[in-house]
> 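Okay, handing you the structure first.
The basis for the numbers below is simple: all heavy atoms, side chains too, and nothing from hydrogens, waters or symmetry mates. Since this is a predicted model, take the numbers as computed values, not measurements. Just so you know, residue 1 is the first one in the sequence shown, and it goes up from there.
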Amino acid sequence: MLVLCISLVLAGIVLSSAGTAKAPPPGVLLSLLAVLSGVGLFYWQRNSFERQLEAREEYNRDLAQRFDLAMDSSNIGIWELDTLNGTLTHDSRASQLHGLQAGLIEGREAWLESIHPQDRERAEIYLFRCSQLKTGTTSETYRVEASGEQRYLRSVGSCSAASHKVTGVIFDVTADIAMQNTLRNAKEVSDIKNAELELALDELTLREQQLEELSHRFELALASYDCGVWEHDFVRGHRIWDERMAQLYDVPRIEGHVSDARWLKNVHKADRARLQAAADQAVTQASRLDETHRLLLANGSVRHVRIVGQVHNARDGRRKLIGVAFDVTADVLLTEELRKAKGEAETRAIELEMAKNRIEYNALHDPLTGLSNRRRLDRELDMLSEQAGTAALSYTLLHLDLDRFKEINDTLGHAAGDAMLVNAAGILNRLVEHGDLTARIGGDEFVILLKRAVTDQAIATLASRIIEDINIPIDFEGTPCRCGVSIGIAKGGAFSRDARKVLINADLALYEAKRRGRNAFEFFTEHLQANIVNSRRMTDDFLAAFERDELTVWYQPQFCSQTMMLAGAEALVRWNHPEKGYMATHSFLKIAEELNLMGRIDQMVLEQALKDKMRWTAMGLAVPRVSVNVSSRRLNDENLISTLEGLSIQKGEIAFELVESIFLDDTDAVAAENIERLKALGIEIEVDDFGTGHTSIISLLKLKPKRLKIDRQLVLPVVEAPRERALIRSIIDIARSLGIETVAEGVESREHADVLRELGCDLLQGYAFAKPLPFEDFTRFAEQDVKRLAG
């Protein structure tokens, strides 16, 4: 239409131009026609495009309508996310799916609020994935609470490369999830059922195998034990045997049922009635049959058969008594043998019980005296320890040790010693009340346990009676034998946690009784324990003194009474105790004797004296002689000379001091021989502590010592006591007549020295000149004395 109008306009223009004086040129007309044609063509195309657009819009409206219908019917919502500004938009269907009001919703807050709290974090991560999405798709499933119920929604987002927006759909997958869960549960149930079925099939197969194996074993067992199988039918009233039953009863094998006559044919007459009655009872009462009987076989032998049966209900309802029979001849014979063996064993058990009682008695009693032994005492002490804390508990232990028992044993023999022990046991049995315990716990040691409260006076009376009666001599093969007894006493009670410690306390008291002279009794006290503990500690320290080299040698100088020159020195051992300092010999002499260490001490002093004498000689200092003490035990040592022969001893430089009692025994041949051999080695002999013993002139003539040392007990009162002065004069005169020098020890003052010099004593020793000195001090003292004499 527009083209037609334009054409008319152009035609009018041409006509008007024709009326003018000059017509338009032809080229203009052609151009004008071309324009008109183009306009017409454009107009036609425009109309065509409009028609096409209208058709497409109609098609799009139709598609949109169908899309809306599809989305409405499938309840699928649409959402869009702008990745540039993060804006999230949902359509009305998406809002309804989230339980929100219909219409567009914008923003993340409302969307997140509608999601289940447990799924919100996963939803936020999903939204972040969508914001980072460039191409492709991503999806996530989450839960929402809508209309009071929980639903599952699945969101799928997609983005193209050229777009900055992510578009997605949301649809309800609750039914799918429920279907998946249902299918999953059904699958699990099916898997369980299949597993149970497989287990049932396996168990059935296993049971079939077990039944087959059991049947095989049963057949092997029957064959191995030669058992016969039988059955009794209650309805039909007959028995059926297998082949082994016929063999067992020694009858021919027959088919069909077995009669009573055939069954009882070979049964011993004495067993038939009992067997028949047991069978009838089992049949009538449907009870269990278990009976053993004898069979008389054709070869004349006897077979014992045991028949066992049990009622069984078959599938067809019939009751049967089914059982087995087997040969028990060996078992019966074995049972008989066992019965006889049992009788013998019972007799033997009685004998063993009697032997056990004897062994137990012997184990708890001393075979010689019949008293309880150490084991029995230990049991009693353990029982007392278990009763500790009981208020009424009170007991007393007496530890006895026979005095001079070893001498009797050594001189008269063990038979005499046994007689003394039996006599002591008889005395204790007589004096100790019944109910108390008397035990011999060692060679000549006894213990009395008084298991009751006893006063100290009663205990002392009992101890005195024991000492008095044991001191009465007994006759052994015409020889009177007498020994004493020392007793240590300790009391225990509720406060005594360990009764064995109470015995130790009694032992400590016994040690004290022996120390005080034997043949006496002592009660244990805390003070006694402290003294003994200190003594034992001192003993331990003294033993360690040898290891720590704490024993040293000191010297006390001896002077000529006329010239006052150094004539020699007495070597004295000193103990450098780590706590008490230097201790004199008398403080540890008894310990050394008890430990049998005097020989070692004497040897150590001698060797040290020889070393020191060599050192003095090297210094140019003259010490003419050193006197060392020698114990009685060392002098009686057969190896004494051999130990001295290896030492370099010059004649007259060493003197051995012997206590006066050493050479009083004329029967001591070893000591006498050693003294003569000592003289041959150039060692001089001195008699120490002379005047306190009982030395005779004959003993001096036999010993022929070089010197006599007058004891300090005679020297100390010599200044004011005329009697001691006369006695010392006599000793000096006798010694001089025998060619023996005299040494006075204990010279405390110049008055003592003057009196002894007037009496004719040769050598002087004492605190008036010098105390015992260690090597260094003695050396300085001797050097000063030499200078003094030289000046």
Side-chain angles (χ1 to χ4, degrees), residues 360-361 363-366 369-403 424-425 427-442 444-470 484-537:
E360 185 174 357
Y361 179 86
L364 299 177
H365 291 80
D366 176 45
T369 62
L371 300 177
S372 299
N373 57 14
R374 181 59 182 260
R375 185 179 180 187
R376 171 76 181 282
L377 176 63
D378 288 341
R379 285 189 179 182
E380 294 289 339
L381 295 179
D382 291 340
M383 292 174 60
L384 291 173
S385 299
E386 293 174 359
Q387 300 174 21
T390 306
L393 182 64
S394 179
Y395 58 92
T396 304
L397 285 167
L398 290 80
H399 191 179
L400 293 76
D401 185 77
L402 299 182
D403 301 328
I427 293 172
L428 297 179
N429 277 331
R430 187 177 69 251
L431 296 179
V432 176
E433 293 186 7
H434 180 72
D436 295 329
L437 179 70
T438 304
R440 179 189 173 205
I441 63 171
D444 59 344
E445 294 184 65
F446 299 86
V447 170
I448 299 173
L449 171 59
L450 305 179
K451 306 178 185 179
R452 50 198 168 83
V454 187
T455 63
D456 292 350
Q457 181 60 41
I459 297 172
T461 301
L462 174 62
S464 299
R465 286 286 307 278
I466 293 173
I467 294 173
E468 179 182 351
D469 289 0
I470 289 181
V485 61
S486 299
I487 305 176
I489 306 169
K491 303 187 72 174
F495 57 87
S496 303
R497 297 296 179 184
D498 189 352
R500 293 175 185 256
K501 291 185 178 179
V502 179
L503 180 60
I504 294 175
N505 294 340
D507 182 56
L508 296 176
L510 173 63
Y511 175 83
E512 181 66 14
K514 285 183 171 294
R515 189 184 69 82
R516 293 193 174 187
R518 302 174 182 268
N519 208 32
F521 64 87
E522 282 289 338
F523 280 90
F524 172 79
T525 62
E526 297 297 333
H527 178 70
L528 171 63
Q529 183 182 27
N531 290 340
I532 293 176
V533 169
N534 291 334
S535 176
R536 291 187 175 178
R537 184 180 296 114

> Could you tell me whether the side chain of Asp366 reaches within less than 4.5 Å of the side chain of Arg374, counting heavy atoms only?
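Arg374 vs Asp366: side chains apart.
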
> Measuring from Lys491:NZ to Thr396:OG1, what's the distance to the nearest 0.5 Å?
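Those atoms lie 5.0 Å apart.
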
> For Ile467, is there any backbone N or O sitting under 3.5 Å from a side-chain donor or acceptor partner on Arg465?
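Checking the backbone N and O of Ile467 against the side chain of Arg465, no donor-acceptor pair under 3.5 Å is found.
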
> Return the CD to OH distance between Gln387 and Tyr395, rounded to the nearest 0.5 Å.
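Rounded to the nearest 0.5 Å, the CD-OH separation comes to 9.5 Å.
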
> Looking only at heavy atoms, which two atoms of Phe523 and Ala509 are closest? And how far apart?
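Answer, listing the atom of Phe523 first, then Ala509: C-CB, 4.1 Å.
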
> Determine whether Phe446 and Leu402 make a side-chain contact, defined as any pair of heavy atoms from C-beta on separated by less than 4.5 Å.
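Yes, side chains in contact.
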
> Gly435 and Lys451: which non-hydrogen atoms are nearest, and at how many Å?
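That closest heavy-atom pairing would be O-CD, 3.6 Å.
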
> Considering only heavy atoms from C-beta outward, does the side chain of Leu384 approach that of Val502 to under 4.5 Å?
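Contact flag for Leu384/Val502 side chains = no.
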
> Among all residues two or more places apart in sequence or in another chain, which pass the side-chain contact (heavy atoms from CB on, under 4.5 Å) test with Ala425?
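side-chain contact (heavy atoms from CB on, under 4.5 Å) check on Ala425 returns Thr369, Leu371.
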
> Do you know the tightest heavy-atom contact between Ala463 and Ile489?
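Nearest pair, atom of Ala463 first, then Ile489: CB-CD1, 4.2 Å.
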
> Provide the closest heavy-atom pair for Ala453 versus Ser394 in the form atom of the first, atom of the second, distance.
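Looks like CA-OG, 3.6 Å.
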
> Measuring from Leu428:CG to Asp469:CG, what's the distance to the nearest 0.5 Å?
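Spacing of CG (Leu428) from CG (Asp469) equals 9.5 Å.
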
> In terms of side-chain heavy atoms, does Asp403 have a donor or acceptor partner in Ser486 at a distance below 3.5 Å?
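Yes, side-chain donor-acceptor contact under 3.5 Å.
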
> Rounded to the nearest 0.5 Å, how far apart are CG of Leu510 and CD of Glu512?
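Reported value, rounded in 0.5 Å steps: 10.5 Å.
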
> With rounding to the nearest 0.5 Å, note down the distance linking NE2 in His365 to CD in Glu360.
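Interatomic distance, His365 NE2 to Glu360 CD, rounded to 0.5 Å: 9.5 Å.
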
> I need the minimum non-hydrogen distance between Ala363 and Asn373, along with the two atoms involved.
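So the two residues come closest at O-ND2, 2.6 Å.
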
> Where is the tightest heavy-atom contact between Phe524 and Ala490, given as atom of each residue plus distance?
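Looking at all heavy atoms of both residues, the closest pair is CB-CB, 4.0 Å.
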
> Taking atom CG of Leu364 and atom CG of Asp378, what is their separation to the nearest 0.5 Å?
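That separation rounds to 10.5 Å.
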
> Using the side-chain contact (heavy atoms from CB on, under 4.5 Å) rule, pick out the option among Ile466, Leu462, Ile448 that qualifies with Ile487.
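Between Ile487 and the candidates, side-chain contact (heavy atoms from CB on, under 4.5 Å) is satisfied uniquely by Ile466.
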
